Amino acid sequence: MQTVEVLRELSDGFGVAGFEDEVREAIVRLVSPLVDEVRTDALGNLFAIRRGSDGRTLMLDAHMDEVGFIVKWIDENGYLRFVPIGGWDERIVPGHRVVLLTRDGTKQLGVIGTAPPHIVPPEDRKQPIPMEKMFVDVGATSKDEAAGMGIRIGDPLTIHYPFTELHGGTVTGKAFDDRAGCTVLIETARRLAEHSLGMNVAFSFVFGEELGLRGARTAAYQLEPDLAIAIEGTIGADMPGVSPESQPVRLGLGPAISVADRSIVVSRKLIAALEKVAEDASIPYQYKLPTYGGTDAGAIHLTRGGILAGVISVPCRYIHSPISTLRLDDLEHTIRLTTALVDALPGAIF
Ligand SMILES: [Zn+2]
């Protein structure tokens with residue numbers, strides 16, 4: 001299976017934070033042939049372990065969850081009201097298709113309806129619609145009809161456009177934050193599958209990052225790694241209207257090494273080691289400008305007595321929207337860097 005097909009399957013999978021089952025099942029299927037052990041925990045984290053010979057453990061983290069919504073009310077006419085799960089920009093939510101996952105596992109389609117301009121007063125057309133006024137139309141005409149579709153309060157939903165290839169090695173889809181990271185972990189495991197390893201490598205696919213780095217905290221506690229790298233799909237902002245000093249990362253410049261984000265200031269020793277591994281392997285890299293966003297490394301480095309942790313990201317534009325984009329060459333360079341780290345990082349840092 002090509003890297004792009006792994007990203008396609010994971011991007012199209014349903015994995016709103018707290019409801020990651022479909023994505024987790026896909027990853028189990030993809031990663032199981034490549035590692036020594038696969039296990040899950042009570043909260044839904046997934047660990048795929050390769051055993052090495054030197055007793056130390058490298059944790060490679062990516063989060064399975066994506067931003068979405070949860071049904072908070074079903075009205076008498078069958079419309080659904082919803083609240084966000086994770087950080088959305090309200091301006092981009094109306095006027096999209098959604099997919100909803102019922103408790104019995106069936107999917108229902110709907111649209112986030114908006115009043116047509118004909119009936120919206122001119123002064124309101126320039127205002128974003130508050131999320132509490134938005135609604136989903138699933139085609140039901142009554143509360144009972146929605147119930148008959150299996151829809152209940154608490155069901156998760158998200159905006160869904162199918163993964164699509166654009167021009168020149170650029171692809172678009174939902175949830176590249178962080179299915180791009182999940183893809184990097186799976187492809188790294190594939191490239192290491194025939195290798196014997198020094199460190200144990202714990203590929204850690206965690207739940208609930210978008211709700212405050214929840215899964216990474218309990219994952220790091222269990223794994224007790226000597227070193228951890230979070231792999232993210234992060235904020236590409238090289239686009240019209242954004243000045244260079246406000247672009248956290250840019251597409252086409254390779255993986256982004258974080259120096260500091262809102263959750264961690266990365267050890268300079270670790271940054272230097274990452275730079276050396278990239279340079280020795282002739283892999284281009286850039287820095288993620290401080291201090292945009294938080295990452296799983298923020299939770300990991302504060303676990304137990306403290307864990308040395310850093311972040312490498314695939315540049316993705318338009319994250320936390322249904323139409324994120326990335327360049328496959330950036331994805332490939334991130335996989336190459338992560339693969340190179342497994343052999344070279346211990347020597348560069350310990
Ligand atoms: Zn993320």
Side-chain angles (χ1 to χ4, degrees), residues 1-17 19-27 29-31 62-69 84-89 91-101 107-112 156-188 205-207 209-210 231-239 248-252 254-256 293 312-335:
M1 200 173 187
Q2 275 188 307
T3 304
V4 64
E5 295 308 318
V6 173
L7 180 63
R8 178 194 302 273
E9 176 169 2
L10 297 184
S11 169
D12 284 343
F14 190 99
V16 171
F19 305 87
E20 296 91 351
D21 309 67
E22 184 178 304
V23 171
R24 185 172 50 247
E25 283 160 20
I27 295 171
R29 179 167 39 73
L30 291 165
V31 85
H63 65 89
M64 296 182 286
D65 61 305
E66 65 189 285
V67 294
F69 312 95
I85 292 282
W88 281 98
D89 177 347
R91 294 171 308 158
I92 66 161
V93 173
H96 288 291
R97 282 186 176 205
V98 294
V99 58
L100 178 149
L101 186 67
K107 288 179 181 166
Q108 299 291 352
L109 300 177
V111 294
I112 300 176
L157 61 141
T158 196
I159 304 174
H160 186 182
Y161 290 94
F163 180 92
T164 304
E165 298 193 41
L166 303 177
H167 170 78
T170 297
V171 295
T172 180
K174 73 169 176 63
F176 287 179
D177 169 15
D178 185 27
R179 307 289 157 69
C182 295
T183 302
V184 170
L185 261 55
I186 291 166
E187 291 305 296
T188 300
F205 301 89
V206 303
F207 80 95
E209 190 269 357
E210 301 292 357
I231 312 293
E232 262 290 2
T234 206
I235 315 158
D238 47 328
M239 61 184 79
V249 301
R250 304 167 66 93
L251 268 60
I312 295 171
S313 299
V314 182
C316 300
R317 287 187 195 141
Y318 326 123
I319 62 169
H320 292 215
S321 92
I323 47 111
S324 41
T325 67
L326 64 77
R327 283 178 50 145
L328 294 172
D329 59 349
D330 286 328
L331 185 63
E332 171 61 23
H333 284 130
T334 310
I335 296 164

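Counting from 1, the numbers follow the sequence of the chain as shown. In this text the structure is predicted, and so the values were computed from the model without any measurement.
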Min side-chain heavy-atom separation [X]-[Y] under 4.5 Å:
X      : Y      : value
Leu328 : Thr3   : no
Thr172 : Phe163 : no
Leu10  : Ile186 : yes
Val6   : Glu187 : yes
Val99  : Leu157 : no
Val314 : Thr234 : no
Asp65  : Phe207 : no
Val171 : Leu331 : no

For [X], give me all partners under side-chain hydrogen bond (donor to acceptor under 3.5 Å, both in side chains), at least two apart in sequence or on another chain.
X      : value
Glu210 : His320
Arg97  : none
Asp330 : none

Shortest non-hydrogen separation from [X] to [Y] and the atoms involved:
X      : Y      : answer
Ala175 : Ser324 : N-OG, 4.0 Å
Val184 : Thr188 : O-OG1, 2.7 Å
Cys316 : Gly233 : SG-CA, 3.9 Å

(message) Could you check whether His63 and Phe205 have their ring centres less than 6.0 Å apart?
(response)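 For Phe205 and His63, the ring centres are not under 6.0 Å apart.
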Hey, what do you get for [atom1] ([X]) to [atom2] ([Y]), rounding to the nearest 0.5 Å?
X      : Y      : atom1 : atom2 : answer
Ile92  : Ile112 : CD1   : CD1   : 10.0 Å
Cys182 : Phe176 : SG    : CZ    : 12.5 Å
Ile159 : Ser321 : CD1   : OG    : 8.0 Å
Glu209 : Glu66  : CD    : CD    : 12.5 Å
His160 : Leu109 : NE2   : CG    : 9.5 Å
Met64  : Asp21  : CE    : CG    : 8.5 Å

(message) Does this structure show an ion pair linking Glu332 with Arg327, if we count only N-O contacts that are shorter than 4.0 Å?
(response)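 No, this pair does not count.
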(message) Using a strict threshold of under 4.0 Å (side-chain N to carboxylate O), is an ion pair present between Arg317 and Asp238?
(response) yes
Donor-acceptor contact present, side-chain [X] to main-chain [Y], <3.5 Å:
X      : Y      : answer
Trp88  : Val67  : no
Ser11  : Lys174 : yes
Thr183 : Arg179 : yes
Thr158 : Pro156 : no

(message) One pair to check against ring pair (Phe, Tyr, Trp, His ring centres under 6.0 Å): Tyr161 and His96. What are the steps and the verdict?
(response) CA-CA 9 Å; Tyr161 290 94; His96 288 291; 5.6 Å; yes
(request) From the options Leu100, Val23, Ile85, select the one residue that forms a side-chain contact (heavy atoms from CB on, under 4.5 Å) with Val16. (result)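 Passing option: Ile85.
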(request) Under the side chain to side chain contact (heavy atoms under 4.5 Å, CB included) rule, what do Leu251 and Thr325 come out as? Steps first, then yes or no, please. (result) CA-CA 9 Å; Leu251 268 60; Thr325 67; 4.0 Å; yes
(message) I'd like to know whether Phe14 forms a side chain to side chain contact (heavy atoms under 4.5 Å, CB included) with Glu20, so could you lay out the CA-CA distance, the side-chain angles of the two residues, the decisive distance to 0.1 Å, and finally the verdict.
(response) CA-CA 7 Å; Phe14 190 99; Glu20 296 91 351; over 6 Å; no
(message) side chain to side chain contact (heavy atoms under 4.5 Å, CB included), that's the test. Do Ile312 and Thr334 meet it? Break it down for me.
(response) CA-CA 8 Å; Ile312 295 171; Thr334 310; 4.0 Å; yes
(message) Applying side chain to side chain contact (heavy atoms under 4.5 Å, CB included) to Leu326 and Leu7, what does each step give before you reach the verdict?
(response) CA-CA 11 Å; Leu326 64 77; Leu7 180 63; 4.0 Å; yes
